[in-house]
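Only one structure is covered here, and it is reproduced in the block below.
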Number of protein chains: 2
Amino acid sequence: MDRVTLSDVALRARVSLATVSRALNQPALVRDSTVRRVREAAADLNFRPNLVGRNLRARTTRTLGVVLPTLANTVFADCFQGIERATRLQHYSVMLTTTEYRVEDELAVTEELLRHRVDGLILTVANAAESPVLDMLDQEKVPYVLVYNQSRCPQRQTVSVDNRIAARDAVGHLISIGHRSIRMVTGDFRESDRAQLRYQGYRDAMRAAGLVPQLPVEVPLHTAVASGALAQCLRGRDPASALFCSNDLLAISVVSGLLRLGLQVPDDMSVVGFDGVDLGTLLYPALATVVQPSRDIGGSAVDTLLARLRGDVPGRSVVLDHSLRIGETAMRFAPRPTSHAVRRPNRRN
Amino acid sequence: MDRVTLSDVALRARVSLATVSRALNQPALVRDSTVRRVREAAADLNFRPNLVGRNLRARTTRTLGVVLPTLANTVFADCFQGIERATRLQHYSVMLTTTEYRVEDELAVTEELLRHRVDGLILTVANAAESPVLDMLDQEKVPYVLVYNQSRCPQRQTVSVDNRIAARDAVGHLISIGHRSIRMVTGDFRESDRAQLRYQGYRDAMRAAGLVPQLPVEVPLHTAVASGALAQCLRGRDPASALFCSNDLLAISVVSGLLRLGLQVPDDMSVVGFDGVDLGTLLYPALATVVQPSRDIGGSAVDTLLARLRGDVPGRSVVLDHSLRIGETAMRFAPRPTSHAVRRPNRRN
DNA sequence: ATGAAAGCGCTAACAA
DNA sequence: TTGTTAGCGCTTTCAT
């Protein structure tokens, strides 16, 4: 499949192997005419440099490893594309692995990446506060940057939004438009320390407004939200008028679940998500959500990591701005005169 | 960051470098007690085999390259996860790159993968019938398998559903439930030869039923579908009663667009997608669609490619089964008595 | 400006 | 069963 090596090119260009290497990689060191001759020979032979050889000798692979929980959530897919683009710009490559939320696999897939001698890692772990992978990486002094995760230890560099404040803003918005009974819906907390931070933010916002935070409604992700879980938010003497969901996929699922129960969104119940996946804007009603700049998170992680590989000063964690997307699934709270659903005409085009 | 090599382990285990290699990779060739000693030494030293060295020597990387258009469409994300899982099972690794639908980048990213000396490639190209990348790969005899793409040349191995027949089935279903005026909505044909095949299938079904196929409505993907495009389907003396979309993301966008125009789905217009992304089942109304087994497509591509790398007989292209998901966005066509929209109560629980 | 030579970490003959 | 040795393809001193 591939046989041409540097020495083949050298033979054809009538120079030494070393000169070919230089002509290709540091043409400034080589006479112009020689460079041309070498390039020509390389082109003639269809020479394709073998990075494995280069990587072994150079003891660096110019490759970054990436560990993400899943690609089914486009938040991570977008992040990866941001990573890919940034690495390409810097002439680096990237190896991606996903854990599909199996925490127990995080270590193994990371080890595999290290066997490939990636120069550094970009990863999202389930729980940065208690993570065998991160402990291992710290101990072995492997350069890495966390994305989405936030960490208390300042030496663990992260790139993320401020999840807690972002959640607080979202819930604060709901409060500011009149909601008083707001519940939070989350996936499995063990899968995501972000969800926990967002729950903190929910509590912050509730307390700041003198409201009583409720326990979160935990629903298994990646499955249609059972009506039972939703019923939990509707019953009691203080039924919710708004739901804050720990991510967009969940929010979308919740909206559907409510509609299925015969409720109107946002008329009967407002829903706000978290992530800002593009998909949210394609839906009707468009999802209200907290937008994270996922591509930038990826891009910024690459920049941060490469700076570190270059030996720059460690640098602080990066907190990127979030924003609120005022979608159509959240509206001002106005108590209904009657308890039975009232039909609402479809709005404007 | 990482310094321990085979010879360090050899020193500590008091055996030769070669024995360490054997003990680790072919323990059957080594005395049990020695294997134990070596393993212990390796563990003590935290030895992590350097695959770069191995790959150079072995002249094979046990790594597959993957080229996909995007991960924003979960069809491809799922496929990748299928690939990843299968490769892991076979003790292979994988390098992923996406083109983000930039056809002109397909060649460059593939070349990069080849510089890394991946053993073979799994890819989806914009158009398999006219693809510089595939020509190059054929010429250089690089083993590869196409996913999603279908190809006329039998020596180009593919793993896919039968797009044309699948589309024909979907449209046939619409016809069977009473629709007569059906239009197809597609993204940019140049981005996807699958969309073209599906259009063929649409025509097949229409003709088979004695109906006149219409030209497709092409809309730029990844953006909310402009109402102008939809209006095209609604006006004229023969307005459509059903829309067949070339993929699910588009279909979701179309449904939203219709709702925004004040129409009901499926009452005023049925919509059917193609892909079968999980998301479709989370929506309300749940998306009617043609389901492709994306994970299996990925897994099967790996199996096919590895078989080929092992030198097995080339083997035929794999056509996996599709299925129809009878969602809630498509319903029996029953002409409306009046032309203005009629409110419909929300259905079942 | 160019060449000779060493060696990155590993595997696989070939010997013993 | 184990050790010795020769590279895989490349970069990089060190000479010239």
Side-chain angles (χ1 to χ4, degrees), chain A residues 1-39 41-42 45-63 91 93 111-112 114-119, chain B residues 1-39 41-42 45-63 91 93 111-112 114-119:
Chain A
M1 146 178 177
D2 219 67
R3 324 244 94 245
V4 187
T5 73
L6 267 196
S7 76
D8 296 323
V9 180
L11 236 55
R12 180 167 238 264
R14 302 169 162 285
V15 291
S16 78
L17 190 157
T19 301
V20 176
S21 174
R22 280 189 289 250
L24 262 27
N25 303 313
Q26 312 163 67
L29 302 182
V30 178
R31 191 193 297 149
D32 272 15
S33 65
T34 312
V35 172
R36 271 195 298 278
R37 209 141 42 86
V38 169
R39 288 207 175 126
L45 294 175
N46 236 303
F47 173 66
R48 182 179 291 132
N50 183 332
L51 291 184
V52 181
R54 194 211 73 97
N55 291 347
L56 180 58
R57 168 65 222 231
R59 319 178 80 218
T60 163
T61 54
R62 295 187 73 82
T63 299
H91 306 291
S93 298
E111 287 280 1
E112 177 70 9
L114 293 177
R115 280 193 283 274
H116 279 286
R117 291 303 188 271
V118 295
D119 291 344
Chain B
M1 144 177 179
D2 218 66
R3 325 244 93 245
V4 186
T5 74
L6 267 196
S7 75
D8 296 323
V9 180
L11 236 55
R12 180 167 239 265
R14 302 169 161 284
V15 291
S16 79
L17 190 157
T19 300
V20 177
S21 174
R22 280 189 291 249
L24 263 26
N25 303 313
Q26 313 165 66
L29 301 183
V30 178
R31 191 192 298 149
D32 272 15
S33 64
T34 312
V35 171
R36 270 195 297 280
R37 211 142 40 88
V38 168
R39 287 207 176 127
L45 295 175
N46 236 301
F47 173 65
R48 181 179 291 132
N50 183 332
L51 291 184
V52 182
R54 194 211 75 98
N55 292 346
L56 180 59
R57 169 63 221 230
R59 319 180 80 218
T60 163
T61 54
R62 295 185 73 82
T63 299
H91 306 291
S93 298
E111 286 280 1
E112 178 69 8
L114 293 177
R115 279 193 284 272
H116 278 286
R117 289 305 187 270
V118 295
D119 291 344

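Numbers restart at 1 for each chain; the letters A, B, ... are given by sequence-line order, proteins then strands.
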For a 4.5 angstrom cut-off between non-hydrogen side-chain atoms, does [X] reach [Y]?
| X | Y | answer |
| --- | --- | --- |
| B:Leu51 | A:Glu112 | yes |
| A:Leu24 | A:Phe47 | yes |
| B:Arg39 | B:Pro27 | yes |

Taking all non-hydrogen atoms of both residues, which atom of A:Val20 and which atom of A:Ala10 are closest, and how far apart?
CG2-CA, 3.4 Å
Can you check the [X] [atom1] to [N] [atom2] distance for me, whole Å?
| X | N | atom1 | atom2 | value |
| --- | --- | --- | --- | --- |
| A:Leu24 | D:dG9 | CG | P | 16 Å |
| B:Gln26 | C:dC10 | CD | C1' | 13 Å |
| A:Asn25 | D:dG9 | CG | P | 17 Å |
| B:Leu29 | D:dG3 | CG | P | 14 Å |
| A:Arg59 | C:dA6 | CZ | P | 18 Å |
| B:Asp32 | D:dT1 | CG | C1' | 12 Å |
| A:His116 | C:dG9 | NE2 | P | 17 Å |
| B:Leu6 | C:dG7 | CG | P | 18 Å |

Any residue meeting side-chain contact (heavy atoms from CB on, under 4.5 Å) with A:Ser21, in chain and number order, not counting sequence neighbours:
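side-chain contact (heavy atoms from CB on, under 4.5 Å) list for A:Ser21, sorted by chain: A:Leu6, A:Asn25.
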Pairs flagged by salt bridge (charged side-chain N to carboxylate O under 4.0 Å, His left out) wherever residues 16-37 of chain B is involved - sequence neighbours left out:
none
Quick test of your reading: applying salt bridge (charged side-chain N to carboxylate O under 4.0 Å, His left out), list the pairs with at least one residue in residues 7-20 of chain A, sequence neighbours left out, ordered by first then second residue.
A:Arg12-A:Asp44
Side-chain (A:Arg57) to main-chain (A:Arg54) donor-acceptor, under 3.5 angstrom:
no
Return yes if a side-chain donor-acceptor contact under 3.5 Å exists between B:Thr63 and B:His116, otherwise no.
no
Between the two end axes of the helix from C:dA1-D:dT16 to C:dA16-D:dT1, each built from 5 base pairs, what angle do you get to the nearest 10°?
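The two end axes of the helix from C:dA1-D:dT16 to C:dA16-D:dT1 meet at 40°.
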Does the pair B:Arg48 and A:Arg117 meet the rule for a side chain to side chain contact (heavy atoms under 4.5 Å, CB included), with working shown?
CA-CA 10 Å; B:Arg48 181 179 291 132; A:Arg117 291 303 188 271; 3.9 Å; yes
Listed pairs, N/O of protein and of nucleotides 3-5 of chain C, under 3.5 Å:
{"residue": "C:dG3", "atom": "OP2", "partner": "A:Ser16", "partner atom": "N", "Å": "2.6"}
{"residue": "C:dG3", "atom": "OP2", "partner": "A:Ser16", "partner atom": "OG", "Å": "3.1"}
{"residue": "C:dG3", "atom": "OP2", "partner": "A:Thr19", "partner atom": "OG1", "Å": "2.6"}
{"residue": "C:dG3", "atom": "N7", "partner": "A:Arg22", "partner atom": "NH2", "Å": "2.6"}
{"residue": "C:dG3", "atom": "O6", "partner": "A:Arg22", "partner atom": "NH1", "Å": "3.1"}

Using a 4.0 Å heavy-atom cut-off, does B:Thr5 contact any base of the nucleic acid, only the sugar-phosphate backbone, or nothing at all?
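Contact class for B:Thr5: sugar-phosphate only.
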Classify the nucleic acid contact of A:Thr34 as base, sugar-phosphate or nothing, counting any heavy atom under 4.0 Å across all strands shown.
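Sugar-phosphate only.
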Closest to the A:Arg31 side chain, choosing from C:dA1, C:dC10, D:dT1
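Selected nucleotide (nearest to the side chain): C:dA1.
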In sequence, state the C-alpha distance, the side-chain angles, and the governing distance for B:Asn55 and B:Arg62, and then conclude on side chain to side chain contact (heavy atoms under 4.5 Å, CB included).
CA-CA 8 Å; B:Asn55 292 346; B:Arg62 295 185 73 82; 5.6 Å; no
May I ask you to list the residues of residues 49-58 of chain A, by number, that have any heavy atom positioned under 4.0 Å from an atom of DNA chain C?
A:Leu56, A:Arg57
